[in-house]
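Have a look at the structure below before the remarks.
Labels below follow one simple rule: chain letters A, B, ... track the order of the sequence lines, proteins then strands, and each chain is numbered from 1. Because the structure is predicted, anything quoted here is derived from the model rather than measured.
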There are 4 protein chains.
Amino acid sequence: MSASELYVTHPAGDNRLRPMTSSGPPLTRAERRKQELRREIIDAAFECFAESGYHATGIADIAKRLDIGHGTFYRYFQNKRDIVDYVIDDLVRRLATALTEENAPDAVSTLDDYREQAARIGESLTRIFIEDPRVPRLLLVEAAGIDKAMAERVLDLFDLAADLTAAYLSHGVDLGYLRTDLDIPNTARAITGMIMAAALTLLRHPDPEHQHRLSEAIRRVMYDGIAARDTP
Amino acid sequence: MSASELYVTHPAGDNRLRPMTSSGPPLTRAERRKQELRREIIDAAFECFAESGYHATGIADIAKRLDIGHGTFYRYFQNKRDIVDYVIDDLVRRLATALTEENAPDAVSTLDDYREQAARIGESLTRIFIEDPRVPRLLLVEAAGIDKAMAERVLDLFDLAADLTAAYLSHGVDLGYLRTDLDIPNTARAITGMIMAAALTLLRHPDPEHQHRLSEAIRRVMYDGIAARDTP
Amino acid sequence: MSASELYVTHPAGDNRLRPMTSSGPPLTRAERRKQELRREIIDAAFECFAESGYHATGIADIAKRLDIGHGTFYRYFQNKRDIVDYVIDDLVRRLATALTEENAPDAVSTLDDYREQAARIGESLTRIFIEDPRVPRLLLVEAAGIDKAMAERVLDLFDLAADLTAAYLSHGVDLGYLRTDLDIPNTARAITGMIMAAALTLLRHPDPEHQHRLSEAIRRVMYDGIAARDTP
Amino acid sequence: MSASELYVTHPAGDNRLRPMTSSGPPLTRAERRKQELRREIIDAAFECFAESGYHATGIADIAKRLDIGHGTFYRYFQNKRDIVDYVIDDLVRRLATALTEENAPDAVSTLDDYREQAARIGESLTRIFIEDPRVPRLLLVEAAGIDKAMAERVLDLFDLAADLTAAYLSHGVDLGYLRTDLDIPNTARAITGMIMAAALTLLRHPDPEHQHRLSEAIRRVMYDGIAARDTP
DNA sequence: CATGAATGAGCTTTCATTCAT
DNA sequence: AATGAATGAAAGCTCATTCAT
């Protein structure tokens, strides 16, 4: 799996929202309303799952949150299990967008640039997670326990995040501002682990100040460790 | 919470295994058999939970695995939820024993000692996880999704692990082989995150060779980052 | 508790039958059907409880009697215990209606009137009980053994019946056709006891003729006592 | 059924306690201990059933009360249902003894004697019921709801009590101090009903004073009726 | 198309009873 | 004879899913 697959994680990949620049056929009003409701159901499900957990959430809970009949749910999604994938898709897309936009791996060329970029990415993540702690809660706490398939998907996401990280490392090695002997994939995993730790910590201490210090500590561990020793 | 509390994680703490040197009251044969069956039920539950997940496991599944009536389960545990705590207790105790024995934080006094100790600990963990991947699977994948209380407990465990790590760092700072300006608690969290990453990776790649390289990468990140810059 | 509370015996008193003259909101067909099924479930439960007893009756038995899924039961009632209150409510209402209509305590003014009224009431009760002996069976035989709360309720009903009787006695004392030194509440209890005896007897001898003689005997005790009159 | 059958109510009638004057074979110490424990189990069962109800009582509850293993129960009684009959037997015997001793129907010959005797009997009953309200509670509240057979037995007891009462009435009619046109069986039922009412009332108002007034009211109804006497 | 009434598979839990020790 | 560990039938209840309206 590679970072380029970021947007294609769900088997039934044809239901995802089209980018706004899409030149598809113009939607009728009814169709638009349908898309909208679909979106709202996904959001409601996200909230329920993150707040009460997947197993403790009933279809009726999701429907009640939107004041729709719970039969309606089944006009938009196959079954309870089905919607989880869309909820996760959605989260991943939101995260990926926040992380990658204006932060392409090849946008930097010096260690200092890289440090700044990494700081920007860290801040983005922190902001998202602090703004809505249900995001990390669902991803790191609830999702994996849903069932075997979702556990696999969470592991996939971990791999994906590591791949993404690896792309940045790779670029740095190529340009020489990172250690040339870096074990890129494994170092990427290690770094991803530190990011996970930050997300978990945030669930207990949703304090920006605390989060800032943790980010700082992570970066301190990182740079000095992975930086090329050419700086005497 | 501190590392010293490692052995006291469950409220009903009266049924943990006695130390082997215990000179407790001599157990009758029936009592011994009871302890044994209790143990077997915990083990069977562990296996079921790790393999199928908590929610997909029925009491009947646990009982069937031992060829006992499912009513028997309720002679040993209050209810389905009750046993999870004992299963987790058990895992934590196994891990803690493996990690702390012969690896006290204050057993080392130089950076090289420390590196060796860290390598030993890493190897211990790796061995445990590779020998029985259900251990990391239950702790990192299944447990948090069981319910709110267990999610909290998993976060507690993360904190506990970080505290334990912090004890090692603290010792190193005191003795001067680690950076004096180290943000101990946060760095400990970061390191714990890398260990989690290793455990997760292992679920996908239960290959000792691969695991070895990952450990190596983690340590490379670590030492150079946290070591004092006494090498000009 | 007073006789006027006769119609308000159940805490969740909002679902009693509307008076037939009610001009409530027009019910849709679905709503009407729902009311109907609710009614049928109460009736089926009444039958099961009266015939087999509360504890020997399963939700499945009630459902089977109506050929509905047992899950449906739970759409109409919280749980097994819940429905009993409604069944009893229903019985009490049926009895109260039969007894009080056209038999207001203040509708008579002489002893002869009173005797006739008492005879009418006795006949009403007898008719109800003979038509469906499950009514006295449930009230006098099954109900009290259900649980503590229902036992209390049965005692409440006994008190209620005594209160109702007391109202008749009180009127008679006021108008002078009953003994002025009558201990109204306790005499009312005694009379209520005789009525209970009649209902119990009826379970064994559901013969109208027999019942008629018993009523007669009760009334003779009431009006004439048992002592021979020739002893001045 | 007649009053003379009072002592032979249970099918398995051979297990009852022998009268102390029995000239049976001398019991060994073990046999005596067995009889004793049997007795204690019956008493404990009585207490449990009266306090918690038959269905809410488990065999384990009875055993716990005596600090015996619950398996032991089954060495003395066939099953849970079995013991109820013995408990009821026991109660009936206690009541019958208290009522009949020194109160034989043919011990009186005038209305005044009869009144005194009736008062004595009433007081005996009241004393028993107030001393241990579990007796009326078990007989009137719990017993009938146990199962069909026990419901029948409760009705049998009612008949028995009525028969007993009838014996007194019959004697009075024969001797001329009671109305010669008395419908003896039905009047007996009516009177028995008033006694039941007294017992029920006592469960709510276990106050001797209150009970005394109720007895008085019952006797007034019996002897004088309720009608004003100014109508000759 | 939206609804929510109906359904029953499937789960947890209890407890009377048995029987080896 | 006493025990209490083991058992499994049986019950209550939930909730995802279907489908007639």
Side-chain angles (χ1 to χ4, degrees), chain A residues 30-31 33-34 37 55-64 66-83, chain B residues 28-31 33-34 37-38 41 55-64 66-83, chain C residues 28-31 33-34 37-38 41 55-64 66-83, chain D residues 30-31 33-34 37 55-64 66-83:
Chain A
E31 278 169 331
R33 171 64 196 137
K34 229 184 143 182
L37 182 50
H55 289 102
T57 296
I59 296 299
D61 297 319
I62 299 172
K64 214 173 298 158
L66 295 175
D67 248 328
I68 61 173
H70 67 272
T72 306
F73 175 91
Y74 287 90
R75 303 197 66 73
Y76 290 85
F77 298 95
Q78 296 279 324
N79 53 44
K80 184 181 171 185
R81 181 54 180 77
D82 185 38
I83 199 177
Chain B
T28 68
R29 211 153 86 77
E31 280 167 331
R33 170 67 195 136
K34 237 186 139 182
L37 181 50
R38 191 187 158 81
I41 295 176
H55 288 102
T57 297
I59 297 299
D61 297 318
I62 299 172
K64 217 172 294 160
L66 296 174
D67 238 338
I68 61 174
H70 65 272
T72 304
F73 174 92
Y74 288 93
R75 292 188 57 75
Y76 291 84
F77 299 95
Q78 296 277 324
N79 52 46
K80 184 181 168 184
R81 182 54 178 76
D82 185 38
I83 199 178
Chain C
T28 68
R29 212 153 85 78
E31 280 168 330
R33 171 65 194 138
K34 235 185 139 182
L37 181 49
R38 191 187 159 83
I41 294 175
H55 288 102
T57 297
I59 297 300
D61 297 318
I62 299 172
K64 219 172 293 162
L66 297 174
D67 239 336
I68 61 174
H70 66 272
T72 305
F73 174 92
Y74 289 94
R75 291 189 58 74
Y76 291 84
F77 299 95
Q78 295 277 325
N79 51 46
K80 185 181 169 185
R81 181 56 178 76
D82 184 39
I83 199 177
Chain D
E31 278 169 330
R33 173 62 196 141
K34 227 184 143 182
L37 181 50
H55 288 102
T57 296
I59 296 299
D61 297 319
I62 300 173
K64 215 174 297 162
L66 297 175
D67 248 329
I68 61 174
H70 66 272
T72 306
F73 175 92
Y74 288 90
R75 303 196 67 75
Y76 290 84
F77 299 94
Q78 296 280 322
N79 52 45
K80 184 181 170 184
R81 180 55 180 76
D82 185 38
I83 198 176

[X] [atom1] to [N] [atom2]: how many Å, rounded?
X       : N      : atom1 : atom2 : value
A:Asp82 : F:dA16 : CG    : C1'   : 13 Å
D:Phe77 : F:dA2  : CZ    : C1'   : 16 Å
A:Ile83 : F:dA16 : CD1   : P     : 12 Å
B:Leu37 : F:dG4  : CG    : P     : 17 Å
D:Arg75 : F:dA1  : CZ    : C1'   : 5 Å

Nucleotide range of DNA chain E lying under 4.0 Å from chain A heavy atoms
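Contact span on the strand: E:dC1 to E:dA5.
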N/O donor-acceptor pair under 3.5 Å between C:Lys80 side chain and C:Thr57 backbone
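Looks like yes, one N/O pair under 3.5 Å.
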If only atom types and distance count, is the side chain of C:Asp67 paired as donor or acceptor with the main-chain N or O of C:Lys64 below 3.5 Å?
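Flag not set: sc C:Asp67 to bb C:Lys64 has no pair under 3.5 Å.
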Set out, line by line, the N/O atom pairs under 3.5 Å between protein and nucleotides 10-12 of chain F.
residue	atom	partner	partner atom	Å
F:dG12	OP1	C:Lys80	NZ	3.1
F:dG12	OP2	C:Ile59	N	3.2

Check C:Glu31 against C:Thr28 and note the closest heavy-atom contact, atom names and distance.
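That would be OE1-N, 2.9 Å.
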B:His70 and B:Ala60: which non-hydrogen atoms are nearest, and at how many Å?
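Heavy-atom minimum between the residues: CB-CA, 4.3 Å.
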What's the separation between atom OH in C:Tyr76 and atom NZ in C:Lys34, rounded to the nearest 0.5 Å?
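Reported to 0.5 Å precision, the distance equals 5.5 Å.
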Point-to-point distance, once rounded to the nearest 0.5 Å, from NE2 of A:His55 to NE2 of B:His55
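It is 5.0 Å, given to the nearest 0.5 Å.
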Heavy-atom side-chain contact between [X] and [Y] under 4.5 Å:
X       : Y       : answer
A:Thr72 : A:Leu66 : no
C:Asn79 : C:Ile59 : no
D:Ile83 : D:Phe73 : yes

Give the dot-bracket string for DNA chain F, reading 5' to 3', where a pair is Watson-Crick or G-U wobble with both distances under 3.5 Å, ( ) marks pairs inside the strand, [ ] marks pairs crossing earlier ones, | marks a partner on another strand, and . marks unpaired.
.||||||||||||||||||||
Check every strand shown and say whether B:Lys34 touches a base, only sugar-phosphate, or nothing at a heavy-atom separation below 4.0 Å.
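Touches sugar-phosphate only.
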Considering heavy-atom distances to DNA chain E, does A:Thr72 or D:Phe73 have its closest nucleotide positioned more toward the 5' end?
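Closer to the 5' end of DNA chain E: A:Thr72.
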Applying side-chain contact (heavy atoms from CB on, under 4.5 Å), run through C:Ile41 and C:Ile68 and close with a yes or a no.
CA-CA 10 Å; C:Ile41 294 175; C:Ile68 61 174; 4.2 Å; yes
Residue whose nearest DNA chain F nucleotide is more 5′ - C:Arg29 or D:Gly71:
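Comparing both residues, the 5'-ward one is D:Gly71.
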